[in-house]
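I have placed the structure first, in the form of structure tokens, so that the comments after it can refer back to it.
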Amino acid sequence: MALSKHYEPAGIESKWYAHWSDSRYFNSFPDHRPPFTVVIPPPNVTGVLHMGHTLNETVQDILVRRARMMGFNACWVPGSDHASIATEARVVAMLKEKGIDKNSISREKFLEYAFEWKEKYGSIIYDQIARLGCSVDWNRVTFTMDDHYYKAVIKVFVELFKKKMIYRGARMIHWDPSARTALSDEEVEYREVEGTLYFIKYMVEDSTDFIVIATQRPETIMGDTAICVHPSDPKYKHLLGKKIIVPLIHRTVPLITDEYIDMSFGTGALKVTPAHDINDYNLGLKHGLAVIDTLNEDGTLSEAAKIFVGMDRFEARKKVVEKLKEEGFLLKEEPYSTRLGFSQRSHAVVEPRISTQWFVKMKPLAAPALNAVVSGKIRIHPAEKFNATYKYWLENVKDWCISRQLWWGQRIPAWYDSNGNFVVAESESLALEAYQDQYGLLAVHDELIQDEDVLDTWFSSWLWPIEVFRGITNPENADLKYYYPASVLVTGQDIIFFWVARMIMAGLEFKHEIPFPDVYFTGMVRDKQGRKMSKSLGNSPDLLQLIDKYGADAVRFGIMISAPAGNDLLFDEAGLEQGRNFNNKLWNALKLIRIWGDRLESSDKKVSTSDPGVFATEWFDNRFSQAKTEINKLFSEFKINEALKSVYTLYWDDFCSWYLEWVKPGFEQSMNPGIYDKTILFFEELLLWLHPFVPFVTEEIYHLLRTREPHDDLCIKQMLPETSSNPSVLEAGEKLRLFLTVGREFRQQQQLKNSEAITRLVMPKEIFGETESLYAIIRKQLNCTKIEFKEGSYIGDSEIHVIPFHSHQIGFESHKKQDAPNRKAELEKELSYYKGFLESLNKKLSNERFVLNAKQEVIDLEKKKKADTEEKIAAILLTLKA
RNA sequence: GGGAGCAUAGCUCAGCUGGUUCAGAGCAUCUGCCUUACAAGCAGAGGGUCCGCGGUUCGAACCCGUGUGCUCCCACCA
């Protein structure tokens with residue numbers, strides 16, 4: 001069968017993914033092998049995979065596939081997150097298009113629509129995960145609103161409530177007026193915004209005196225309940241104890257003092273609006289001020305505002321300014337830039353608002369979670385970048401607002417009677433029992449009503465590594481015991497607090513065990529110019545289109561090759577092209593080897609010691625071992641992109657450019673079967689090491705390389721263990737490669753055509769020793785008919801001499817150009833080089849600090865270098881004398 | 001305002017314990033090649049005040065100080 005000119009991924013990818021799935025290779029069950037568990041960071045059910053996910057999933061798949069091939073029972077659990085606010089917003093919008101108002105339908109009806117919507121769109125991400133080649137266990141798909149998961153969240157809520165770690169209370173929280181729900185602190189994003197600072201005149205009661213207040217939010221003046229100045233501010237000394245009149249509404253408020261005030265900012269006087277600013281709220285608490293909430297849930301002005309009631313907050317701002325202007329209270333306006341909080345989900349400007357919400361006490365959870373990282377039980381990669389951040393957040397953590405005024409999510413399991421007494425229980429019937437225990441019989445005409453609110457999405461996600469194995473709902477099950485804790489968590493650094501820290505808390509709190517020993521943070525994926533990927537910029541490519549264009553392997557390759565651990569990566573399609581080229585390079589080696597297969601010598605012919613393949617195979621064997629050690633080390637340090645680079649070089653340079661060229665039979669010559677078999681083994685093993693990165697092309701090639709038994713598939717083959725490599729063979733290989741490079745250069749300089757042979761090559765034997773096969777490579781690669789070994793002599797005039805210089809560089813010179821003085825100069829140059837080196841070594845070794853601080857092996861190494869150098873100097877001196 | 005990280009070739013980055021395997025890799029660029037697996041390739045080349053300044057040291061890309069610039073996190077002063 002003739003193979004196509006280029007590797008064409010389209011049909012091949014779907015074929016193998018189907019085969020892998022049908023063969024249940026990725027379905028894991030507990031057995032005698034050690035487990036390797038990864039839980040996917042569940043993408044939002046609303047979304048499609050963007051390049052950030054692509055990077056994450058690729059990293060996970062590389063780790064999972066590699067573990068599977070190293071003898072672990074690999075289990076990668078896929079799933080998705082119900083993403084309460086984001087999804088609810090999408091469903092509300094969808095209903096609106098249909099002409100349905102959310103408030104006009106029942107909660108039950110709404111949830112029906114939501115689940116319907118989820119069924120329709122939730123599978124998109126799963127298709128994408130499959131297209132990317134992810135080896136997830138599709139039997140374990142988990143959704144955070146699955147029945148068992150729902151129960152787990154409720155169970156945990158009740159448990160924490162019983163431990164008094166959840167409480168209900170009125171607090172100032174971030175309010176999203178668009179989604180009409182509370183938000184946690186982490187769900188608020190701050191952005192720099194150009195605004196205006198308004199200077200407003202507040203009259204002093206019974207006086208013509210006034211105080212000027214600077215504010216950005218004049219629409220909140222109706223909620224003012226005090227004016228505050230610094231106690232020692234001379235500007236306001238004479239007014240202390242007076243009353244101030246709020247403009248427009250003519251409310252009389254006290255003038256209070258507090259050290260909190262910055263005398264130099266604005267006018268040094270602050271209007272205190274406890275209902276609409278966190279700092280004002282705290283001042284209000286301290287000074288016992290009234291709280292007047294002038295806003296409704298949707299951001300319109302409330303009755304309490306007295307004027308512009310029902311008007312949107314931003315509209316009202318304009319009107320208030322106009323009115324202040326009319327009445328002469330507005331003194332001036334200044335442009336002012338400030339940071340405003342926006343809802344991460346709805347992007348509306350958030351309002352600080354006092355409301356009754358449910359909170360989790362974080363201090364008791366934070367301490368063990370902090371300790372897990374500080375003590376090194378959990379290792380974060382890269383540590384230097386995130387350890388400090390993690391530590392700081394946990395040391396300064398505030399209570400977590402977990403209630404959301406939404407319908408899509410786990411409904412808070414609290415039941416209230418008409419007097420506001422409440423109980424928390426896992427079900428309504430249990431609630432009734434609990435109520436009776438606590439408050440006695442429910443009044444005849446009363447009933448228990450469940451809390452309308454649902455829980456923060458992250459209050460469900462934090463159970464992910466446990467409940468995907470039913471560890472909350474069925475704590476003693478075999479899966480949990482086998483798979484928990486997970487082996488590694490791979491996720492984006494942006495959710496370190498939302499998710500990672502809280503999973504660690506949950507793991508320790510509910511299972512008394514860390515959820516994973518290693519956390520690998522991937523960077524943000526940005527575009528070529530370093531901008532964030534976003535829909536509005538149109539710089540976020542469509543994953544499926546990329547896969548169609550380049551193939552999944554190329555996408556995986558492209559994104560990994562440019563993703564240094566923990567650093568942001570600039571996404572550039574050039575990387576995918578490189579990946580495509582790489583896949584093609586694999587394809588072509590396959591073609592070459594198959595051609596050799598058709599040109600085998602009769603099988604009884606032995607390999608002669610002068611066959612180039614003898615040294616070539618020995619060298620590559622050693623080179624491969626060396627590379628394995630290196631790659632394993634890189635993986636253990638989670639330097640996955642460097643591991644890819646390493647295996648890339650091993651394949652392209654070492655295997656293709658050197659090894660294959662060395663063993664390649666000459667024109668119209670046949671291939672030695674022994675060398676051929678060895679080559680296939682090398683190639684197969686290379687495929688094993690490449691497979692985690694580029695699974696499809698390697699599987700395809702594996703099957704085209706020779707006929708296979710059914711289910712002899714690459715993705716479940718075991719990698720051979722690391723072996724030690726022989727340094728002297730490696731060194732000879734290095735020298736040989738250098739020799740050939742310089743030799744080729746020399747041919748070029750001499751303008752020798754490929755067909756023109758070098759008739760005689762004169763070289764000292766000590767460069768390579770007695771390796772017959774190695775000289776065969778030189779002869780073949782440099783097209784040289786004869787090599788002669790001479791000790792530093794120069795004969796004839798049509799030959800080429802090989803001159804060694806420096807430690808292991810090799811120079812060629814044609815005899816014509818070679819003069820004795822030149823030779824002497826070369827040696828002298830060399831001598832001064834070695835002398836300089838020796839001097840530096842001596843200094844280093846005689847340096848007290850070096851000797852004291854360096855490890856013994858380092859010192860030994862330096863000593864060895866010194867001895868070698870001395871030897872070389874002696875040899876050169878000897879030659880010079882002669 | 002507090003904290004963290006970064007600054008090395010046009011771009012993205014390696015560079016362990018300070019030294020001569022230290023000035024590197026990949027990509028990009030340029031030059032020459034359709035050489036019997038591969039032009040999605042091969043063979044070469046150019047390109048750097050290792051951000052500036054000062055210090056420690058026999059010796060600094062590496063350690064210390066300082067300045068500058070960038071990035072991120074936290075806090076959110078009207």
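In the text below, chain A, chain B and the rest are named by the order of the sequence lines, each starting its count at 1.
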Rounded interatomic separation in angstrom, taking CE from A:Met524 and P from B:C70:
18 Å

Given the structure, check if the side chain of A:Lys585 and the base of B:C38 hold any donor-acceptor pair shorter than 3.5 Å.
yes

5′-ward residue of the pair A:Thr215/A:Phe582 relative to RNA chain B:
A:Phe582

Take atom CD of A:Glu186 and atom P of B:A75, then tell me their distance rounded to the nearest Å.
8 Å

Using the P atoms only, state how far B:U8 lies from B:G48, rounded to an integer number of Å.
15 Å

Please report, rounded to the nearest Å, how far the P atom of B:C76 is from the CG atom of A:Asp185.
8 Å

Electrostatic pair A:Glu630-A:Lys639, nearest N-O below 4.0 angstrom:
no

Expressed as a whole number of angstroms, how long is the span from A:Tyr260:OH to B:A78:P?
8 Å

Whole-Å distance between B:U12 P and A:Glu642 CD?
17 Å

Presence of donor-acceptor pair under 3.5 Å, side chain of A:Gln578 and base of B:A28:
no

Would you kindly check whether a donor in the side chain of A:Arg580 faces an acceptor in the base of B:A40, or vice versa, at under 3.5 angstrom?
yes

To the nearest Å, give me how far apart CZ (A:Arg526) and C1' (B:C72) are.
9 Å

Going by atom types alone, do A:Lys235 and A:Thr267 pair a side-chain donor with an acceptor below 3.5 Å?
no

From the candidates B:C38, B:A40, B:U71, the one with an atom nearest any side-chain atom of A:Asn581 is B:A40

Taking the minimum atom-to-atom distance to the side chain of A:Leu592, which one of B:G41, B:C73, B:A37 wins?
B:A37

Side-chain donor-acceptor contact under 3.5 Å, A:Thr257 with A:His230:
no

Along RNA chain B (nearest heavy atom to each residue), the more 5'-positioned of A:Tyr190 and A:Ala388
A:Ala388

Just the rounded figure in Å: distance from P of B:C27 to NZ of A:Lys645.
11 Å

Is it true that, when you exclude A:Lys391 itself, more than 12 heavy atoms of the residues, nucleotides or ligands shown sit nearer than 6.0 Å to its NZ?
no

